[in-house]
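Proteins get letters first, then strands, A, B, ... in listed order; numbering begins at 1 in each. Note that this is a predicted model, so its numbers are computed, not measured.
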Amino acid sequence: MCPTRAVNILSSKCGRKGARPGDIVDAPVDRAMIHDNNAALVIENFGRIAGASVWSPDKAVFFIDHHSPSTSVKAVKHHSLMRRFARENGIKSFFDCGWGISHVVMIEQGLAAPGEIVVGTDSHTTGEGALGAFATGIGATEMAAVLATGRVWLKVPETVKILLNGVLPPGVYARDVMTAVLGRLGPEGANYRSVEFQGSAADAMSQDDRIVCCVMSMEMGAKNAMFVSHADPDAEYERTEEFDASSMTPMAALPGLPTNVAPLSEIEGRGIKIDQAFIGSCAGGLMVDIETAAKVLKGGRVAEGVRLLVIPATRHIYEESLKRGYMEILHGAGAVIGSPACGGCGGHDAGILAEGEVCIANSPRNMGGRMGAGGVVYLANSATVAASALSGRITGEKGGDAL
Amino acid sequence: MSRCWKLGDNVSTDEILPFQYMVLTDPSELGRHILGSVKPGFAEQLTRGDVLVAGLNFGYGSSREHAPLALKGAGIGAVVARSFARIFFRNCINIGLPAIVCSAAVDGICEGDSIGIGLQSGVIQNETSGARYAFAPFPPFIMEYVENGGLINTLNKRNSDPV
């Protein structure tokens with residue numbers, strides 16, 4: 001049996017022919033992404049490494065996307081620290097406020113090419129695997145060491161194949177596929193593992209859909225995630241999880257865990273009132289999401305008492321949405337449009353919830369306190385979030401008709 | 001001996017340290033805010049060296065190193081769990097906070113029990129109940145990180161030691 005794609009990338013990059021799952025390899029890093037949520041700790045730790053200099057300034061990429069534009073005195077101090085560090089160390093790839101979310105910009109800018117090893121100080125770095133990079137999240141101290149040495153130790157992972165057969169019905173999105181996958185595999189169903197997406201429904205997915213799947217794989221603990229179109233059928237998978245895309249329906253996650261899932265049809269009947277609807281993040285602020293939201297909201301008006309927050313993931317998506325007239329539709333429907341950033345997803349800047357408030361979002365997470373202490377978050381596809389903003393209650397596309 | 005505090009499954013980094021404290025970097029300042037929504041007033045009840053005993057997938061979610069750093073800053077001496085989320089585990093080791101996988105200990109330990117942890121021997125001794133729980137000791141390169149107090153100290157030590 002031959003190795004899976006992740007094992008192949010690691011063994012060839014590390015010069016360890018025949019490396020097997022469980023082996024520890026010392027991997028050379030092709031790209032190191034650092035964002036403003038963790039940069040201060042990275043820079044502080046880098047300063048503690050005796051005699052350190054940045055191993056390869058052209059391979060380090062800085063982003064200000066979590067507290068953007070600066071959200072507090074402390075946050076802007078960290079931003080200043082990042083700008084100075086980048087200047088002093090010759091780091092040219094600096095994506096300042098307004099560029100957007102690292103994972104999506106990295107893909108737009110060709111900073112996560114197939115076969116590359118990408119590490120980022122963000123768990124959703126798995127999203128950069130959409131085009132075939134081996135991309136994984138690490139912490140701040142480890143990133144300081146990567147900046148100094150250009151290397152990171154990795155345990156060669158086992159691989160879980162997610163086989164998506166059939167064709168997705170209209171009104172069912174990549175996000176619903178992932179909600180179904182997360183519901184079956186659970187919050188550590190792919191912990192420490194590489195995830196490969198295959199099958200006819202996977203092959204049919206757009207780049208945006210692939211980003212959604214790779215980002216959301218983190219919510220089942222994936223070390224990395226990727227789409228592999230010409231996979232060897234005999235590759236050595238730990239297991240295969242097979243799904244029939246043709247029979248899938250819109251899904252949602254109940255507050256607490258993104259893996260706490262139910263068919264939307266079961267939740268709709270409960271008449272859950274919402275205070276906020278959020279369309280944004282690395283899994284929900286993509287072109288496809290803005291387009292879907294605009295289609296649902298066209299000619300409509302956000303319900304009384306509901307805030308609809310729309311944050312395009314990147315400056316490029318913002319610009320394209322303006323050109324296509326989506327922003328006019330969203331604005332006309334009463335949406336609040338934010339500048340490209342992580343936004344409400346992590347509660348870092350725009351869209352923090354009050355205690356007792358309910359939000360429906362297409363972002364990746366809904367753990368306790370995620371968007372603000374005492375607020376609760378339901379997760380669903382973009383059409384559901386937009387339709388819920390119109391009705392003021394958790395509702396599917398077309399006013400309650402799930403399809 | 002260390003006093004134990006018990007937690008459930010899938011405790012996320014959002015719960016260990018909520019987003020509003022991510023602009024802090026000082027461990028003891030971070031430590032004042034740990035697990036506020038799960039165990040209100042928790043940080044004030046801790047004694048240096050106390051141990052968290054958690055269920056499955058402890059540290060689920062974001063890569064924020066602030067979470068384990070806050071636990072360390074609050075005085076937590078080790079975390080024992082049935083399993084850890086991948087990045088959280090690496091972060092613990094990289095800052096020199098032992099993260100030990102031992103389901104038997106999670107089953108056997110009650111909140112308030114006093115334990116001793118033998119990192120080299122791979123044994124947790126429950127002084128309260130008398131029980132002993134075995135776990136697989138860290139491989140040598142991880143043990144080196146833990147013993148040196150983290151990754152940065154290890155790098156510096158390696159670079160200064162004549163080979």
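The contact between B:N156 and chain A is made entirely by side chain atoms (from C-beta outward), counting heavy-atom distances below 4.5 Å. Looking at B:N91, the atoms closer than 4.5 Å to chain A (heavy atoms on both sides) all sit in the side chain, from C-beta outward. Using a 4.5 Å cut-off between heavy atoms, B:Y21 makes no contact with chain A at all. Residue contact with chain A, scored on non-hydrogen atoms closer than 4.5 Å, involves the side chain of B:L69 exclusively. Heavy-atom distances place no part of B:F88 under 4.5 Å from chain A, backbone and side chain included. With a threshold of 4.5 angstrom between heavy atoms, B:I142 approaches chain A through side-chain atoms but not through N, CA, C or O. B:R90 touches chain A through its side chain: at least one heavy atom from C-beta onward sits under 4.5 Å away, while N, CA, C and O do not.
Between chain B and the options A:A148, A:A145, A:P187, A:G369, heavy-atom pairs under 4.5 Å are most frequent for A:P187. Of the residues considered (A:W153, A:Y192, A:F46), A:W153 shows the highest number of contacts with chain B, using heavy-atom pairs under 4.5 Å. For the set B:S12, B:P18, B:G61, B:G36, the count of heavy-atom pairs under 4.5 angstrom toward chain A peaks at B:G61.
Judged by distance alone, the side chain of A:N37 and the main-chain N or O of B:M22 form no donor-acceptor pair under 3.5 Å. Side-chain N or O atoms of B:S63 include one that pairs as donor or acceptor with a backbone N or O of A:T121 at under 3.5 Å. Not a single donor-acceptor pair under 3.5 Å links the side chain of B:R86 to the backbone N or O of A:R193.
Using a 4.5 Å cut-off on side-chain heavy atoms (C-beta onward), A:I352 and B:F19 make contact.
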- request: Mind running side chain to side chain contact (heavy atoms under 4.5 Å, CB included) on B:L155 and A:R48 for me, showing each step along the way?
  value: CA-CA 10 Å; B:L155 279 180; A:R48 290 175 51 218; over 6 Å; no

message: I'd like to know whether B:T13 forms a side chain to side chain contact (heavy atoms under 4.5 Å, CB included) with A:M367, so could you lay out the CA-CA distance, the side-chain angles of the two residues, the decisive distance to 0.1 Å, and finally the verdict.
response: CA-CA 9 Å; B:T13 52; A:M367 289 81 129; over 6 Å; no

message: Pair A:L257, B:Y60 - check side chain to side chain contact (heavy atoms under 4.5 Å, CB included), show working.
response: CA-CA 10 Å; A:L257 289 173; B:Y60 179 52; 3.5 Å; yes

